[in-house]
Each structure stands twice: as structure tokens, then as C-alpha cells.
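In this chain, numbering begins with 1 at the start of the sequence shown. In this text the structure is predicted, and so the values were computed from the model without any measurement.
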Amino acid sequence: KSGLEPSAGNGMLTMLKSRMQGFWFVLTDLFNFKDDDARGRMVYMSCVLFSAFYNVFITGIFYTGFLSMYDISITGVGIISFIPSIANIFTIFSSRVLGRFKRRKPVLLVSKVMYFALKIVAVTLMPQFVQDPQGRLIWFGVLTFIAHAFYAPFAPGYTVWFYRFYPQENHRRTQYIQLSQIFSSIMSTIILFFSAMVTDAVAGSPMQDQIIIFFRHAAFVLTVIETVIQAFAKEYPEQDNARLKLTEVFTLPFKYPKFLLCMIFMFVWNFVGNLNNGLWSYHLLNHMHFSYTLINSVSIAYTFILLLTSGWWTRLLHRFSWIKTFGIACLLFVPTEVFFFIMSPETSWIFFPNSMIQNLCSVGLNLAYANVLYMNLPKENSTAHIAFHTIGINIFAFLGLMVGTWVSSLTGDGVIICSPTGSTAYSLSAGGPIIDPSVDSINMTPICPHLLSSGRAIVFAPDRVLTVQPKL
């Protein structure tokens with residue numbers, strides 16, 4: 001027995017060394033400074049890491065928390081969430097706008113800085129000048145629309161620019177996408193972990209709001225640094241500088257049936273994927289009363305699951321195909337959404353194990369979905385085809401958000417609004433809480449709400465103005 005142990009240990013060390021050498025070979029093959037394409041991939045990977053860093057603070061749970069700071073309701077969050085989908089319709093002008101420039105790089109870089117200045121800085125500063133909650137909601141929507149509408153014609157140019165650096169061989173492209181997702185997820189995990197702990201450490205104090213605002217300003221600085229790094233990527237001459245007619249953005253894709261089928265596939269998924277976008281984070285924060293740390297722990301766990309299972313999903317991709325692998329992940333993913341739909345404070349234990357299953361499925365979904373756009377992307381007039389893709393996914397994302405917001409709105413036979421003294425009368429009969437008369441508050445209890453997981457009574461501050469609009 002003792003004679004076998006060193007041999008077994010040496011075998012494990014040899015296997016580990018072999019795997020590390022293989023990983024290093026793939027890494028240096030894809031990312032190096034020997035040629036323009038590999039250098040472009042290096043730039044892109046750096047931008048992926050910066051994007052993973054700053055997106056933690058301007059999207060997801062931190063963005064929802066930022067809006068909640070200024071009394072934006074769940075319906076308001078839903079409205080703001082689908083405004084980018086409307087504004088991105090302006091992508092239709094991308095071919096005509098970008099077709100004016102023989103060298104697109106300077107225009108793309110400047111437009112990106114201006115976009116984030118509007119999206120982050122202007123949106124963060126606006127509440128200091130507008131005090132009315134309804135006015136803030138309107139201005140949040142206006143600034144968000146202007147930012148996305150301005151940037152929409154330029155965004156496809158970035159996709160065309162960096163698509164040139166994608167490996168052409170299928171297995172190398174899979175490795176490239178996989179490594180990009182792994183490094184991005186690791187960066188997000190590190191930032192989420194520390195930022196969530198800092199935010200929760202000062203929960204309930206004014207310091208929490210100040211930290212969230214500081215994170216947003218830091219995010220803008222990171223976007224500027226990212227843009228500077230992107231300037232080092234080579235710009236290849238474009239093959240589609242001709243300014244096409246606006247109608248050709250919608251007619252050209254029909255000449256390529258395989259590309260069109262991929263687009264239909266992506267459109268449907270964007271509808272499904274946006275049904276609870278924005279609303280879910282609001283529900284977890286304000287209705288389930290989960291902490292930032294708990295919610296972000298799910299995203300953190302995704303990184304570990306990605307590292308453990310990416311090899312298995314890659315083997316599925318090689319055995320089947322990108323689309324079939326996505327379908328397998330979808331079949332496993334859908335039941336978890338049903339469980340989340342019926343989750344309530346009494347069944348909150350469902351959240352973590354169900355989220356782990358979703359993370360497992362999401363590894364396959366994200367890996368397969370990342371290549372669908374490029375599978376059959378025509379080389380001719382690629383800007384127009386990417387514009388068609390952008391417009392389509394935003395239209396279907398908008399429809400998904402609209403449906404999700406409509407479903408999340410409170411419907412039922414009515415509501416009971418009462419003081420703490422009145423909480424023991426009709427409100428109690430409708431399932432409302434008993435509130436101590438010394439508590440200065442207003443209670444709203446829905447009557448027979450038409451929802452499975454929400455519709456609980458809500459306690460408001462005494463100075464809040466509640467508006468009930470009956471539907472006849």
C-alpha cells in the first residue's frame with residue numbers, strides 16, 4: 001500500500017501539470033501579441049473584464065437598489081427596464097450613419113463615452129435636481145431613452161469591429177467564447193462579493209445610498225478606461241460602407257434563410273428571458289426582503305459552477321450542436337422558473353437550491369447562445385444584418401418586459417387601506433397583519449389578488465401618498 005501512494009500521487013500531479021500546460025497552450029494561442037487578430041482578442045478580453053467590473057454597479061441588483069432609493073415602484077422599474085428596448089429601434093439607422101465614415105474607430109469610441117456619460121453620470125445626478133418621485137420617474141425614463149437612442153446607430157459597429165478577431169475554426173471559437181465567459185464571471189464574482197458585503201454592512205443607514213452612488217461614479221471611470229483600451233485594437237477596412245436604404249435592414253436577412261432562422265431563435269429567447277427582467281430583483285429586495293449578499297451569492301456561485309461544468313457542456317456542444325445544446329439547457333431551465341413563480345416568503349427556502357439548478361443550466365445557455373449570431377452571419381453588409389438582429393431582439397425584449405410588467409401589476413377585487421388601528425378590522429379578514437397602534441404607518445391589503453406569489457399586505461410610511469385607480 002505504501003508503495004502505491006507515491007505512484008498515485010505522482011500520477012495526479014502529472015495529470016494536473018498536463019492540464020495546466022494544455023490550458024496555457026490554449027490561452028497563449030488565442031491571446032498574444034504576435035498578430036493583429038490575437039492582439040485584438042487581447043484587447044477584447046481586457047474590455048470583457050472591465051465590462052464585467054462596471055456592469056455590476058449599473059445593472060442588476062445594484063441598479064434596482066439605486067432606483068428604489070428614489071421611491072420608484074416595481075411598475076416604475078418595469079417601465080424603465082423596457083425603455084432601452086424601445087430606444088434601440090434607432091439601430092435601423094446604423095448603416096446610413098456608419099456608412100458615412102471610412103474610419104469608424106474614432107466615432108465609435110467617442111459615441112461610447114457620451115453614451116455612458118448619459119446613462120451613468122446624468123442619471124445619477126438627476127435626482128439631486130428633481131425631488132418629486134413622479135418627476136424622477138419621468139426623467140429616469142427620458143435620460144435612459146436619450147442615452148440608448150443616441151448610441152443605438154453606433155453599437156453594431158462595435159460588433160462588426162471585434163467580430164473580425166473571432167477564430168474561424170469551430171473548436172477555437174468555442175474555446176474563445178468559453179474563456180471569455182469564465183474570466184468575465186470570475187471578475188464579476190470578485191466584485192459582487194466585496195461590494196455586496198460592503199453594502200449590507202451599512203444596510204438601513206444613509207451610508208448605503210452613498211456607497212451605491214459612489215459605485216456608479218466609479219463605474220463611469222472604468223468605462224472611460226475600457227474605451228481607451230479599445231483604441232489599441234486594429235480597425236480593418238469595412239466591406240459595407242455603402243449607405244443602404246432603411247428598408248434593406250429588414251429585407252436583406254430574408255435572402256439568407258439560415259441566418260434568419262438563427263434570428264428567430266434569438267428573438268423568441270429574448271422574449272422569454274425578459275419576462276421578469278428588473279422586476280425579479282425588485283421582488284427579492286422589497287417583497288422577499290433578501291439581502292444584497294444573499295442575492296449576489298447566486299451570481300457568485302455561478303462562477304464556480306461554470307468552472308466545474310464548462311467542460312461537460314463543451315463536450316455536449318461537440319456531440320450535438322449549438323442549437324441542440326441550447327435546447328437541452330432550456331428543457332432543464334423551464335421547470336425552475338415555475339418554482340420561482342410560486343415562491344413566497346413562507347417557501348423562501350426554494351430560492352437557493354433552485355438558483356443552483358438555474359446556474360447549471362445557464363452555463364449551457366450562455367455558452368450556446370453566444371455563438372448563434374455568428375453561426376450564419378453573412379459577410380456582405382454585416383452592419384445591416386447586425387442592425388436587424390439588434391432591432392429584433394429589442395422588440396421581443398420589449399414585448400417580454402411589457403408582459404412581465406403587466407403580470408406583476410396588482411389585480412384583484414380591490415384593496416383595503418387602513419391605519420394601524422383599523423388593521424384589526426376588514427384588513428385582518430383579508431389576510432392583513434395586526435399592526436401595533438403606536439406604529440406610525442399606513443397599511444394596504446389586497447382583496448383576493450390574482451397572483452400566486454405576491455399580493456401580500458404592504459406597510460408604508462405615514463407620509464406616503466397612495467393612489468388607487470379603479471378599473472371598471
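Classification of the Tyr44-Tyr176 ring pair by plane angle, with boundaries at 30° and 60°, yields tilted. The aromatic rings of Phe140 and Phe66 sit perpendicular, their planes meeting at an angle over 60°, well past the 30° parallel limit. Aromatic ring orientation, Phe165 versus Tyr236: tilted (interplanar angle from 30° to 60°).
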Practice prompt. Show your reasoning for whether side chain to side chain contact (heavy atoms under 4.5 Å, CB included) applies to Val372 and Ile323.
Written response: CA-CA 8 Å; Val372 174; Ile323 300 296; 4.2 Å; yes
Worksheet entry | Derivation and outcome, side chain to side chain contact (heavy atoms under 4.5 Å, CB included), residues Ile442 and Val459 | CA-CA 6 Å; Ile442 301 173; Val459 179; over 6 Å; no
Discussion item. For a side chain to side chain donor-acceptor pair (under 3.5 Å) check, start with the C-alpha distance between Thr390 and Thr91, then their side-chain angles and the critical distance, and finish with the verdict.
Written reply: CA-CA 7 Å; Thr390 304; Thr91 305; 5.0 Å; no
Practice prompt. Evaluate side chain to side chain contact (heavy atoms under 4.5 Å, CB included) for Ile357 paired with Leu332, printing each intermediate quantity in order.
Written response: CA-CA 8 Å; Ile357 299 174; Leu332 298 173; 5.9 Å; no
Worksheet item: How far apart are the C-alpha atoms of Phe150 and Phe154, what are their side-chain angles, what is the distance that settles it, and do they pass the ring-ring contact (aromatic ring centres under 6.0 Å, His included) test?
Response: CA-CA 8 Å; Phe150 164 77; Phe154 301 98; 5.7 Å; yes
Worksheet item: Would Phe162 and Arg41 count as a side chain to side chain contact (heavy atoms under 4.5 Å, CB included) if you check the C-alpha gap in whole Å, the side-chain angles of each, and the deciding distance to 0.1 Å?
Response: CA-CA 8 Å; Phe162 284 94; Arg41 290 192 288 269; over 6 Å; no
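The CZ atom of Phe259 sits 11.5 Å away from the CE atom of Met375 when rounded to the nearest 0.5 Å. Residue His389 holds its NE2 atom at 7.0 Å from CZ of Phe267, rounded to the nearest 0.5 Å. The structure places CD1 of Ile120 at 11.5 Å from CG of Leu125, a figure rounded to the nearest 0.5 Å. Note that OG1 of Thr227 is 6.5 Å distant from CG of Leu109, once rounded to the nearest 0.5 Å. Atom OG1 of residue Thr124 and atom CD1 of residue Ile58 lie 9.5 Å apart, to the nearest 0.5 angstrom. With rounding to the nearest 0.5 angstrom, the CD1 atom of Ile80 is 11.0 Å from the CD1 atom of Ile138.
A cation-pi contact, defined as under 6.0 Å to the ring centre and within 45° of the axis, links Lys112 to Tyr158.
Met69 CE: more than 12 foreign heavy atoms inside a 6.0 Å radius. When the shell of 6.0 Å around CZ of Phe90 is examined, it contains 12 or fewer heavy atoms from other residues, nucleotides or ligands. For Tyr115, the OH atom counts as densely surrounded, since its 6.0 Å shell holds more than 12 non-hydrogen atoms of other residues, nucleotides or ligands.
Side chain of Ser188 to backbone of Ser185: no donor-acceptor contact under 3.5 angstrom is found. Between the Gln181 side chain and the Asn366 main chain, a donor and an acceptor come within less than 3.5 Å of each other. For Asn394 (side chain) and Asn88 (main-chain N/O), no donor-acceptor pair under 3.5 Å exists by modelled atom type. Judged purely by atom type and a 3.5 angstrom limit, Lys105 uses its side chain to pair as donor or acceptor with the backbone of Ala233.
When all heavy atoms of Ser94 and Pro153 are compared, the closest pair comes out as CB-O, 3.1 Å. Scanning all heavy atoms of the two residues, the minimum distance from Leu108 to Trp161 falls at CD1-CE3, 3.9 Å. Here the shortest heavy-atom pairing between Tyr302 and Asn359 reads N-ND2, 3.6 Å. Of all non-hydrogen atoms in Glu226 and Cys47, the two that sit nearest each other are OE2-O, 3.3 Å. In terms of heavy-atom proximity, Leu365 sits nearest to Phe333 at CD1-CD1, 3.8 Å. Between Glu235 and Arg104, the shortest heavy-atom distance links the atoms OE2-N, 2.6 Å.
The closest side-chain heavy-atom distance from Phe388 to Leu252 is not below 4.5 Å. The shortest distance between side-chain heavy atoms of His148 and Ile83 does not fall below 4.5 Å. At a threshold of 4.5 Å between non-hydrogen side-chain atoms, the residues Ile416 and Ile447 count as touching. Residues Ser310 and Ile182 have side chains in contact (heavy-atom distance under 4.5 Å, counting atoms from C-beta outward). No side-chain heavy atom of Tyr54 sits under 4.5 Å from any side-chain heavy atom of Ile191. In this structure the side chain of Thr445 never reaches within 4.5 angstrom of the side chain of Leu428, judged on heavy atoms. At least one side-chain heavy atom of Phe250 sits under 4.5 Å from a side-chain heavy atom of Ile92. Taking 4.5 Å as the limit, every side-chain heavy atom of Arg136 sits out of range of all side-chain heavy atoms of Leu67.
Ser427 and Asn443 share a donor-acceptor pair across their side chains, judged by distance under 3.5 Å alone. Side-chain contact of Ser51 with Asn55: a donor-acceptor pair under 3.5 Å is present, judged by distance alone. Between Tyr369 and Asn270, the side chains place a donor N or O and an acceptor N or O closer than 3.5 Å (distance only, hydrogens not considered).
Ring centroid separation for the pair Phe396 and Trp269 does not come in under the 6.0 Å cut-off.
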